[in-house]
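Okay, structure first, notes after.
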Amino acid sequence: MYLQFRDDVEAALTAALDALDLPTDDLGVEDPPEGVDAVLASSAAFRLAGEVGAPPPEVAGQIADEIDADEHDLLAAATAQGPYVNFLPSDAYYEGTVEAAQQADFGHLEPTGEEVVVEHTSANPTGPVHVGRARNPIVGDAVARVLSFAGHDVDRHYYVNDAGRQMAVFTWAYETFDEDDLDSPPERDKPDYDLVRYYRKGNAVLESGDPDEVEAAEDEIQAIMQGLEAGDEETYERVQEVVDTVLGGMRESLDRLPAEFDEFVKETRFLRDGSADDVVSRMKELDAAVYEEEAWQLELDEYGIDKNLVFLRSDGTTLYATRDLAHHEWKFENYDRAVTVLGEDHELQASQMNATLDLLGHDVDRLRQVVYSYVNLPEGKMSTRAGTGIDLDDLLDEAVARAREEVETRLDDRIRDDDLTDEDVSRIAEQVGIGAVRYDIVAKQPTKAITFEWDRALDFEAQSAPYVQYVHARCCGILEEAGVDPREAQRASDASGETASTASAAVAEGFDASLLETEAERDLVEVIGRFPAVVEEAAEELQPHIVATYTREIAETFNTFYRECPVLADDVDDDLRDARLALVAAAKHAVGNSLQVLGVAAPRSM
RNA sequence: GGGCGUGUGGCCUAGUGGACAGGGCGGAAGGUUCCUAACCUUCAGAUCGCGGGUUCGACCCCCGCCACGCCCGCCA
């Protein structure tokens, strides 16, 4: 409805400017500040003042006068307020918004038919996922969700680095050492925690072991790398055993977020199917290709990159970057667009790859990156190899434990008589704890640096997931109290909008939105109405934190409504009650679905 | 040294060149016979890193500087 309103405003504005014989290329449509009684406004008068030869307020007046609101159903009036033209919504707009938000799939945009692959996380399978990288799966999953909401056909990929030196080291170490050689038992009974000990042991030996031992190890590591490059099946099997085992453990941790993948794309695939060789041969033909110091390189000066990209070693083997090029050509073949979520330390690489793909004749506009900076500890970086850092599992466990504590202390002075079961307590602890972690990360611009602190990451008050989740629970509480099955309602918002719930449909029947006339109610309708536009913008910009900002706003607005507008009180007239109930259902969908975009659970009770 | 990114009250954070820079935490003071107080209300607190410039108008664009982070391997 908001999007339609925006179309109407643009049409009306264009027509008015045409009638006044003014240029229509800059409509200046924007969101008015808080306290202004309009859904949209235009600042075009500022720029047109010179042309008209009159001060902006006068121009705004002329434009407003030229607009006939009656021509547009959703528009009540266009009024000049100082230099601005404000567009006020009609009753039909409020009615339509509340109506539209009754649908469980509220906020999903029209299918675009565009196939998009979102690659994220792609951490080397060397050990447990730690918090330093946790931004990647959380931001990546949210990006995938927001694109999906925006109507795209989304696949999520994890690119598995199984062909590099790290995995060769790991394989050698795993095959060489025994449990007896290791210093300590695994920190958890999980394969990634088990095997990372071999990786650490191997690296320690390589760094400061007996020279003969190190030399023998290097020979073995080289043999493994050469074997992979040559497509030797036995070597491949040996490495895969380590890769798949560790990856299995990492997946379990990622699933908790949840961050799930449609495909784990292995680097060795592009070695085995010949596509890495193929891209190498085409690169050699490029004008920018040079053969220096026995290695094939690419000069990328024309892209402002003064560092040559080596794409074939002097021993004839490929590099990570080469294989990644083959990987991206594969993406281009199979998808319309590709989004990669990567750490800031990979930016140069990404720009080199972009430049190379461009040289190879690809349309690099189809490729976009979302860059985030790593989460550090107050004492410094986290490292799998060194074993410094906080494991994601530990963070999530602690989050859930603290949330549980919180639920239990609140149990005593609970007003609501809803008899939370032990299962409810566990469910809430899980939803709130993990939600808080996700929200804390997804709500910030990914380029901002984060220093990890327990208390900051696990604050359950104010601008946090629980604040928003609580609003959802309040909505569910009211609906339940009114006789609407909360599980129906819940399922509706979980089902990615396949079917509207019967419960919500029942609420939608016969309400009169014009009864919603207090400021608190109108504000709430207006904020709910913006949700599709928020999804649209977040998808366009690949910035899920925009949705997080929105959830805070709608939560705040709902809380004001909640305080000022009783729904089920005895002295509330039946018609008003129905209208408000519809509004609550609308809010529930807007809040629930915006949380869903972020991958944060929407609890039906807290 | 070069490239990229970040810099908003004590702390964290939002902010398409346009209507008084929004929130939150922490601090101070209040609110629950009423649909969940993980809530709400009020107060104090800002030279938007610094200096220039463009513009009718700059946190936002341009130039210079400072601080911090990341990168600059025939590693991944």
Side-chain angles (χ1 to χ4, degrees), chain A residues 28-36 41 43 45-47 49-50 55-56 81-84 86 124 126 161 163-167 267 292-297 304-308 310-315 317 319-321 324 343-349 351 371 373-374 376 403 406-407 410 413-418 428 432 440 443-445 447-450 453 455-456 459-471 473-482 537 541 545-546 548-549 552-553 555-556 559-560 562-572 580-581 584 605-606:
Chain A
V29 174
E30 56 191 61
D31 290 321
E34 230 175 300
V36 172
S43 61
F46 280 111
R47 272 94 56 194
Q81 186 175 341
Y84 295 92
N86 287 334
N124 294 349
T126 52
N161 227 276
R165 181 182 157 85
Q166 283 185 44
M167 293 322 297
E267 197 181 353
E292 277 174 17
E293 295 174 38
E294 301 181 326
W296 278 96
Q297 320 190 6
I305 301 167
D306 53 11
K307 202 74 197 168
N308 279 6
V310 176
F311 62 91
L312 197 64
R313 290 191 182 97
S314 49
D315 66 1
T317 58
L319 291 92
Y320 173 85
D324 204 20
E344 58 182 344
D345 53 338
H346 287 67
E347 261 191 295
L348 176 65
Q349 249 185 68
S351 57
V371 176
S373 66
Y374 281 98
N376 289 318
E406 202 73 20
V407 180
R410 285 164 205 277
D413 42 33
R414 221 176 144 77
I415 294 175
R416 190 177 174 82
D417 178 29
D418 55 0
I428 295 167
V432 166
D440 183 59
K444 295 185 170 89
Q445 298 200 40
T447 44
K448 290 211 175 203
I450 295 181
E453 288 165 55
D455 290 340
R456 198 188 299 280
D459 181 6
F460 296 146
E461 271 167 20
Q463 296 189 334
S464 65
Y467 175 72
V468 180
Q469 290 174 316
Y470 190 59
V471 166
R474 274 182 156 175
C475 289
C476 289
I478 293 172
L479 293 172
E480 183 185 11
E481 194 79 23
E537 189 191 354
E541 313 268 322
H545 85 270
I546 292 173
T549 304
R552 277 201 293 268
E553 202 177 330
E556 231 171 79
N559 280 328
T560 302
Y562 184 86
R563 171 169 48 90
E564 307 211 339
C565 305
V567 180
L568 305 174
D570 293 339
D571 58 347
V572 177
R580 285 182 175 168
L581 217 42
V584 170
S605 67
M606 280 174 75

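So you know, we letter chains A, B, ... as the sequences are listed, proteins then strands, and number each from 1. Note: hydrogens, waters and symmetry copies are ignored here, and every other heavy atom, side chains too, is used.
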request  = Report which part of the nucleic acid A/P32 touches: base, sugar-phosphate, or nothing (heavy-atom distance under 4.0 Å, all strands).
outcome  = base

task = Please list, chain by chain and in numerical order, all residues satisfying side-chain hydrogen bond (donor to acceptor under 3.5 Å, both in side chains) with A/S43, sequence neighbours excluded.
result = A/E30, A/R47

ask   = Does a donor on one side chain and an acceptor on the other come within less than 3.5 Å for A/D315 and A/T317?
value = yes

Considering only nitrogen or oxygen atoms on both sides, find all protein atoms under 3.5 Å from nucleotides 57-67 of chain B and state each distance.
none

inquiry  = Once you apply a heavy-atom cut-off of 4.0 Å, does A/D440 come out as touching a base, just sugar-phosphate, or nothing?
reply    = nothing

inquiry  = With a 4.0 Å limit, can you tell me whether A/H545 has a side-chain N or O closer than that to the phosphate oxygens OP1/OP2 of B/rG15?
reply    = yes

request  = Name the nucleic acid region contacted by A/A41, choosing base, sugar-phosphate or nothing; use a 4.0 angstrom heavy-atom cut-off, strictly under.
outcome  = base

ask   = With sugar-phosphate meaning primed atoms plus P, OP1 and OP2, does A/C475 contact a base, only sugar-phosphate, or nothing at under 4.0 Å between heavy atoms?
value = nothing

task = Under the ring-ring contact (aromatic ring centres under 6.0 Å, His included) rule, collect the residues that match up with A/F46, sequence neighbours excluded.
result = A/Y84

ask   = Base, sugar-phosphate, or nothing: which does A/G164 touch, judged by heavy atoms less than 4.0 Å apart?
value = sugar-phosphate

inquiry  = Regarding A/R410 and A/E406, does a basic nitrogen lie under 4.0 Å from an acidic carboxylate oxygen?
reply    = yes

ask   = Counting side-chain heavy atoms from C-beta on, which of B/rC35, B/rA19, B/rC75 comes nearest to A/I478?
value = B/rC35

query = Does A/E292 have any salt bridge (charged side-chain N to carboxylate O under 4.0 Å, His left out) partners at least two apart in sequence or in another chain, and if so, which?
reply = none

Enumerate all atom pairs, one protein N or O and one N or O from nucleotides 38-45 of chain B, separated by less than 3.5 Å.
| unit_1 | atom_1 | unit_2 | atom_2 | d |
| --- | --- | --- | --- | --- |
| B/rA38 | OP1 | A/Y470 | OH | 2.9 |
| B/rA38 | OP2 | A/R410 | NH1 | 2.7 |
| B/rA38 | O5' | A/R410 | NH1 | 3.4 |
| B/rA38 | O4' | A/R410 | NH1 | 2.5 |
| B/rA38 | O4' | A/R410 | NH2 | 3.1 |
| B/rC39 | OP1 | A/A462 | N | 3.4 |
| B/rC39 | O3' | A/N559 | ND2 | 3.3 |
| B/rC39 | O2' | A/R474 | NH1 | 3.4 |
| B/rC40 | OP1 | A/Y467 | OH | 2.7 |
| B/rC40 | O2' | A/R563 | NE | 2.7 |

Polar-atom pairs under 3.5 Å, protein N or O versus N or O of nucleotides 1-7 of chain B: list them with distances, or write none.
| unit_1 | atom_1 | unit_2 | atom_2 | d |
| --- | --- | --- | --- | --- |
| B/rC4 | O2' | A/E347 | OE1 | 3.1 |
| B/rC4 | O2' | A/E347 | OE2 | 3.1 |
| B/rG7 | OP1 | A/K448 | NZ | 3.2 |

